[in-house]
Amino acid sequence: PHETLRIGTYVGHQFYYRRTGQRAKLYHSSMERIKTVYKFVDEETRLAEEAALRQEKAEFIERYRNETGRRWLHMYPRPAPELYFYPTEYVGQIIRVTSNYSYFTCYPRSNSEADVARCRGTEPINFEWKVVSLSPKVLELRGDRFLSDFEVEHIKTVAGPLLHRSVTGAGGYENKARTSSNAWVKRSMSDVLDWIFRRLANVVHVDESHLWDTIGSESVQVVHYEVGQEYRAHHDWRT
């Protein structure tokens, strides 16, 4: 009572509560998005809620299969989409997008306007999304190239010292099915990388604030293969 405990957590993180010195579980709670007050649920109630959810899930999966002819492969219940997705009406549809985050052609020697202007263009970049499938939704990015030659080399230069043996699984294990090297290049590592992420935000039509690794976006993954190295066909889980 009257004490504060700070702990890192995530959506879906489960907590069980016990009396000091006892193993019996008294209460259970599961972390939810944007929720600050949680009810304490005893084991009997928790088990009843889980049984009801299993029944609900089974009914939904059967209904989904009957209506679509496909298996449900996502988590259940699935949270509502939070970010924008381009509306798709027919295969071959073209959606045009323009970004004012033009190409870098060199790295500015300073943050002065003159140095930045020397290395960064002002012409907008024009992209096209082509719809190649409606179900599932698949769009192909076309139009102007996404990265300049300099930007490609800059990413490789930043990634070089960070390369290490690629691993698999949540625990990060070396696996003979994946023998390459890889590195994660963060947006915060250079002004050029930050600019590229802002261009990406334009292209996918989301606010750039979403594209930080501390928020939920991945960093740029750079993968290097020597002759004979590989990443065999595999299934990702909960990605």
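Reckoned from all heavy atoms, side chains included, excluding hydrogens, waters and symmetry mates.
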### Task
Check whether any side-chain N or O of Q55 sits under 3.5 Å from a backbone N or O of A52 as a donor-acceptor pair, and report yes or no.
no
### Query
Under 30°, 30 to 60°, or over 60°: which ring-plane class applies to H205 and Y86, parallel, tilted or perpendicular?
tilted
### Query
Above 12 or not: heavy atoms from other molecules or residues under 6.0 Å from CZ of R109?
no
### Message
Quick one, S190 with W195, criterion side chain to side chain contact (heavy atoms under 4.5 Å, CB included). Give me CA distance, side-chain angles, the key distance, then yes/no.
### Response
CA-CA 9 Å; S190 78; W195 192 259; over 6 Å; no
### Query
side-chain hydrogen bond (donor to acceptor under 3.5 Å, both in side chains) between T122 and S102: does it pass, once the steps are laid out?
CA-CA 6 Å; T122 58; S102 192; over 6 Å; no
### Query
To which residues is L47 joined in a hydrophobic cluster, defined by side-chain heavy-atom contacts under 4.5 Å among Ile, Leu, Val, Met, Phe, Trp and Tyr, whether direct or through other members?
none
### Message
Can you confirm whether W184 sits close enough to L162 that some side-chain heavy atom of one is under 4.5 Å from a side-chain heavy atom of the other?
### Response
no
### Task
Using distance alone, with no hydrogens and no angle criterion, decide if R70 and S135 have a side-chain donor and acceptor under 3.5 Å apart.
yes
### Message
Please report the interatomic distance CD(Q14) to OG1(T9), rounded to the nearest 0.5 Å.
### Response
10.5 Å
### Query
Yes or no on ring-ring contact (aromatic ring centres under 6.0 Å, His included) for F104 and H154, after CA distance, side-chain angles and deciding distance?
CA-CA 10 Å; F104 270 92; H154 177 71; 8.3 Å; no
#### Entry: Side chain to side chain, V185 and S219, heavy atoms closer than 4.5 Å
no
### Message
Looking at E113, I'd like to know if its CD atom is crowded, meaning that more than 12 non-hydrogen atoms belonging to other residues, nucleotides or ligands lie closer than 6.0 Å.
### Response
no
#### Entry: Main-chain N/O of E128 paired with R96 side-chain donor or acceptor, under 3.5 Å
no
### Message
Please report the interatomic distance NZ(K186) to CD(E218), rounded to the nearest 0.5 Å.
### Response
11.0 Å
### Query
Quick one: disulfide bond (SG atoms under 2.5 Å apart) pairs with a partner in residues 62-167, sequence neighbours left out?
C106-C119
### Message
For H13 together with F15, are the ring centres under 6.0 Å from each other?
### Response
yes
## Note on the structure
Heavy-atom closest pair (K137 atom, T88 atom, distance to 0.1 Å) is CE-OG1, 3.3 Å
### Task
Check for a donor-acceptor pair, side chain of N126 on one end and backbone N or O of T98 on the other, with a separation under 3.5 Å.
no
### Query
Hey, any chance Y16 and M31 share a hydrophobic cluster, counting ILVMFWY side chains that come within less than 4.5 Å of each other, even indirectly?
no
#### Entry: Working for side chain to side chain contact (heavy atoms under 4.5 Å, CB included), residues W72 and K57
CA-CA 10 Å; W72 177 258; K57 177 179 179 180; 5.6 Å; no
### Message
Looking at K130 and E140, is there a salt bridge between them, counting it only when a charged N and a carboxylate O are closer than 4.0 Å?
### Response
no
### Query
Between E208 and H210, do the side chains contain an N or O donor and an N or O acceptor separated by less than 3.5 Å?
no
### Task
Classify the ring geometry between Y231 and H234 as parallel (under 30°), tilted (30 to 60°) or perpendicular (over 60°).
parallel
### Query
Is atom OH of Y173 surrounded by more than 12 heavy atoms (other residues, nucleotides or ligands) closer than 6.0 Å?
no
### Message
Walk me through whether R165 and E174 qualify under salt bridge (Lys or Arg N to Asp or Glu O under 4.0 Å).
### Response
CA-CA 8 Å; R165 169 68 186 270; E174 291 189 6; 3.5 Å; yes
### Task
Determine, step by step, whether Y103 and E123 satisfy the side-chain hydrogen bond (donor to acceptor under 3.5 Å, both in side chains) criterion, reporting the C-alpha distance in whole Å, the side-chain angles of both residues, the deciding distance to 0.1 Å, and the verdict.
CA-CA 8 Å; Y103 301 120; E123 290 294 318; over 6 Å; no
### Message
Looking at every non-hydrogen atom in both residues, tell me the closest pair between I95 and P87 and how far apart they are.
### Response
CD1-O, 3.8 Å
### Task
Flag yes if V97 and L147 sit in one hydrophobic cluster, no otherwise; membership is Ile, Leu, Val, Met, Phe, Trp, Tyr, and two members link when side-chain heavy atoms are under 4.5 Å apart.
yes
### Task
For R232, look at atom CZ and say whether over 12 heavy atoms of other residues, nucleotides or ligands are found less than 6.0 Å away.
yes
#### Entry: N100 side chain vs P124 backbone, donor-acceptor pair below 3.5 Å
no
### Query
Less than 4.5 Å apart, any side-chain heavy atom of V222 and any of N182?
no
### Task
Answer yes if V220 and L163 sit in the same cluster of Ile, Leu, Val, Met, Phe, Trp and Tyr residues linked by side chain heavy atoms under 4.5 Å apart, and no otherwise.
no
### Task
Step by step, work out the side chain to side chain contact (heavy atoms under 4.5 Å, CB included) result for V203 and L141.
CA-CA 9 Å; V203 174; L141 184 62; 3.8 Å; yes
### Stepwise salt bridge (Lys or Arg N to Asp or Glu O under 4.0 Å) check, D149 with R145
CA-CA 10 Å; D149 289 338; R145 59 186 301 183; 2.8 Å; yes
### Query
Below 4.0 angstrom, N of the basic side chain to O of the carboxylate: do E62 and R65 qualify?
no
### R199/E151 salt bridge by N-O under 4.0 Å criterion
yes
### Query
So does N111 have more than 12 non-hydrogen atoms from other groups sitting under 6.0 Å from CG?
no
### Task
Provide the closest heavy-atom pair for N202 versus S99 in the form atom of the first, atom of the second, distance.
OD1-OG, 2.8 Å
### Query
Is NZ or CZ of R142 both nearer than 6.0 Å to the six-membered ring centre of W129 and within 45° of the ring axis?
no
### Heavy-atom side-chain proximity of T157 to Y107 below 4.5 angstrom
no
### Task
In sequence, state the C-alpha distance, the side-chain angles, and the governing distance for F150 and V192, and then conclude on side chain to side chain contact (heavy atoms under 4.5 Å, CB included).
CA-CA 10 Å; F150 165 77; V192 172; 4.1 Å; yes
### Query
Can any side-chain N or O of S217 pair as donor or acceptor with the backbone N or O of D213 at less than 3.5 Å?
no
